[in-house]
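Below: one structure, written as structure tokens.
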Amino acid sequence: MDRPETALDVVFRMSAPAAGADSELSRFSRPMLTLAAVLTILIMILGVGGNLLTIVALLRCPRVRNVAAAFIISLCVADLLFCVTVLPFSASRFIHGTWTHGGALCTVVPFMRYGNVGVSLLSIAMITINRYIMIAHYGMYGRVYRTGWIAAMIVFCWLFSYGFQLPTLIGVWGVFGFDRQLGTCSIRPDASGRSSKTALFVTAFVVPCIIIIACYARIFWVVHQSEKRMRAHAGGGGGGGARPGAGSGREGREQRAKRNEWRITKMVLAIFLSFLCCYLPITIVKVTDTNVRYPGLHVAGYLLLYLSACINPIIYVIMNAQYRQAYRSVLSCRRPRARMAASTADRGMDGNSKTMVSHVSIAMSPVSLTPGTGVDDDY
């Protein structure tokens, strides 16, 4: 006896291309789809391996555990779920040129895709806010980043990202269904013509982007002012006879500070440019080419979006020397050293230090801009 048709099956049947109609293959050439499928599978393999390795390294190696590590684990879990629950179906779509997995999965897969992307973006924003508070408002850092508050922030990222889609899931603010023009499952207008795509674009891309720009602009300003004060302190310290070697010491500290500022600049640029390169193209293409006149741009946009699932461990983890050591200890099955080496902000500052300019730690890299101390070479 045939299974009774569900509401999801009706949505899929009504939105799928009718027999004899132009197939999605007429828009996307077979070589393009084949290349996209191969790249998607490679991204999936790299993403699963990279994010699993990062999660294990963060949990297994105590010397790299600190506040930001909790948000990076959340980011890695979201990217891992994206690779496992979304990318296999994306590869299948490229292989077949259309969706072939039925109405139920046509609802679940885009729900997971948008949810995991939202968690990733919010986690990146949380890491940025963590770095900003540590640099610009260090006095309140210890009060904000307690265990309970950290857990609440992570839970918020997940609940907000998936909870925001519940109206679409039940069909009262758009509906998850088959997009005939793209040959994939996405958010479509509901019976009243409403869709949550615009709101998702604002909350999942525009708002995190503004937060990241504002926080890092402030970070750059604080670092720049700190360096100016450090130079003034080094240049004006002492009208009497200078100690032998004092000039070379000041010069060495100044050079280290310059190298450190350049490292910070490269890291911040890498973070922000990866954010833009992975998410901005697909959003622009979807807004400007609603009729899919340029299918290659849509495929490239999706591939860049998928790339974000495996590039985040590279940007946030592999550029840090301590994480590379943690990776090596996991891959070689060595017992990690128990010595804690968390960032200065997470350990707390020395209350007797009166010459402290600022403690700067960006993207899990402990850096100290302190007159009279060295600058940690942690990249």
Side-chain angles (χ1 to χ4, degrees), residues 8-19 21-44 47 79 81-118 120 162 165 168-169 171 173-190 195-198 200-201 204-205 278-309:
L8 291 175
D9 293 326
V10 172
V11 170
F12 181 76
R13 175 172 53 79
M14 294 177 63
S15 56
D22 290 337
S23 170
E24 290 79 28
L25 289 173
S26 63
R27 293 177 177 270
F28 302 93
S29 67
R30 171 47 54 191
M32 180 194 301
L33 293 173
T34 302
L35 177 61
V38 171
L39 292 177
T40 300
I41 293 172
L42 289 176
I43 290 172
M44 178 179 64
D79 289 340
L81 285 176
F82 186 87
C83 292
V84 172
T85 63
V86 176
L87 292 190
F89 296 100
S90 299
S92 173
R93 174 173 68 92
F94 289 135
I95 292 172
H96 295 96
T98 187
W99 183 263
T100 61
H101 302 285
L105 284 175
C106 195
T107 296
V108 173
V109 170
F111 177 75
M112 294 295 297
R113 181 173 71 240
Y114 284 109
N116 284 321
V117 168
S120 296
Y162 283 97
Q165 299 181 87
T168 306
L169 187 64
W173 191 18
V175 62
F176 291 113
F178 186 80
D179 188 324
R180 180 176 176 179
Q181 290 184 317
L182 292 175
T184 186
C185 297
S186 185
I187 298 176
R188 301 176 59 250
D190 56 24
S195 172
S196 60
K197 272 191 173 182
T198 301
L200 278 174
F201 172 74
F205 181 82
C278 290
Y279 293 100
L280 188 57
I282 189 61
T283 56
I284 293 177
V285 169
K286 282 181 173 291
V287 171
T288 59
D289 189 25
T290 56
N291 294 322
V292 197
R293 295 188 301 271
Y294 305 99
L297 294 179
H298 289 264
V299 172
Y302 275 115
L303 290 175
L304 284 173
L305 176 64
Y306 302 157
L307 184 64
S308 68

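- With rounding to the nearest 0.5 angstrom, the OG1 atom of Thr168 is 5.0 Å from the CD1 atom of Ile187.
- The distance from the CZ atom of Phe201 to the CD1 atom of Ile284 is 7.5 Å, given to the nearest 0.5 Å.
- In plain terms, the two heavy atoms of Leu305 and Val117 that are nearest each other are CD1-CG2, 4.2 Å.
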Which side-chain N or O atoms in residues 34-42 pair as donor and acceptor under 3.5 Å with protein atoms at least two apart or in another chain?
{"unit_1": "Thr34", "atom_1": "OG1", "unit_2": "Arg30", "atom_2": "O", "d": "2.9"}
{"unit_1": "Thr40", "atom_1": "OG1", "unit_2": "Ala36", "atom_2": "O", "d": "2.7"}

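- Considering all non-hydrogen atoms of both residues, Phe176 and Gln165 come closest at CZ-OE1, 3.5 Å.
- Panel note: side chain Ser195, backbone Arg188; no donor-acceptor pair is recorded below 3.5 Å.
- Rounding to the nearest 0.5 angstrom, the gap separating the OG1 atom in Thr288 from the CZ atom in Arg293 is 8.0 Å.
- The two residues Thr85 and Leu81 come nearest to each other via the heavy atoms OG1-O, 2.6 Å.
- In this structure, the separation between CZ on Phe94 and OG1 on Thr184 is 8.0 Å, given to the nearest 0.5 Å.
- Residues Ser308 and Asp79 bring no donor and acceptor atom of their side chains to less than 3.5 Å of each other.
- Of all the heavy atoms in Pro88 and Val84, the pair that sits closest is CG-O, 3.3 Å.
- Tyr279 meets the ring pair (Phe, Tyr, Trp, His ring centres under 6.0 Å) test with Phe275; sequence neighbours excluded.
- Rounding to the nearest 0.5 angstrom, the gap separating the CG atom in Asp190 from the CH2 atom in Trp173 is 11.0 Å.
- The two residues Asp289 and His298 make their nearest non-hydrogen contact at OD2-NE2, 3.1 Å.
- Residues passing the side-chain hydrogen bond (donor to acceptor under 3.5 Å, both in side chains) test with Ser92 are His96, His101, sequence neighbours excluded.
- Although no hydrogens or angles enter the test, the distance criterion places a donor-acceptor pair under 3.5 Å between the side chain of Arg113 and the main chain of Cys185.
- Checked by atom type and distance alone, the side chain of Asp179 never pairs as donor or acceptor with a backbone atom of Ser186 at under 3.5 Å.
- Leu169 and Thr107 get closest at one heavy-atom pair: CD1-CG2, 3.5 Å.
- Judged purely by distance below 3.5 Å, without hydrogens or angles, the side chains of Tyr306 and Ser90 pair a donor atom with an acceptor atom.
- In terms of modelled atom types and a separation under 3.5 Å, the side chain of Asn116 and the main chain of Met112 share a donor-acceptor contact.
- Of the inter-residue distances, the one linking Phe178 atom CZ with Trp99 atom CH2 reads 9.5 Å to the nearest 0.5 angstrom.
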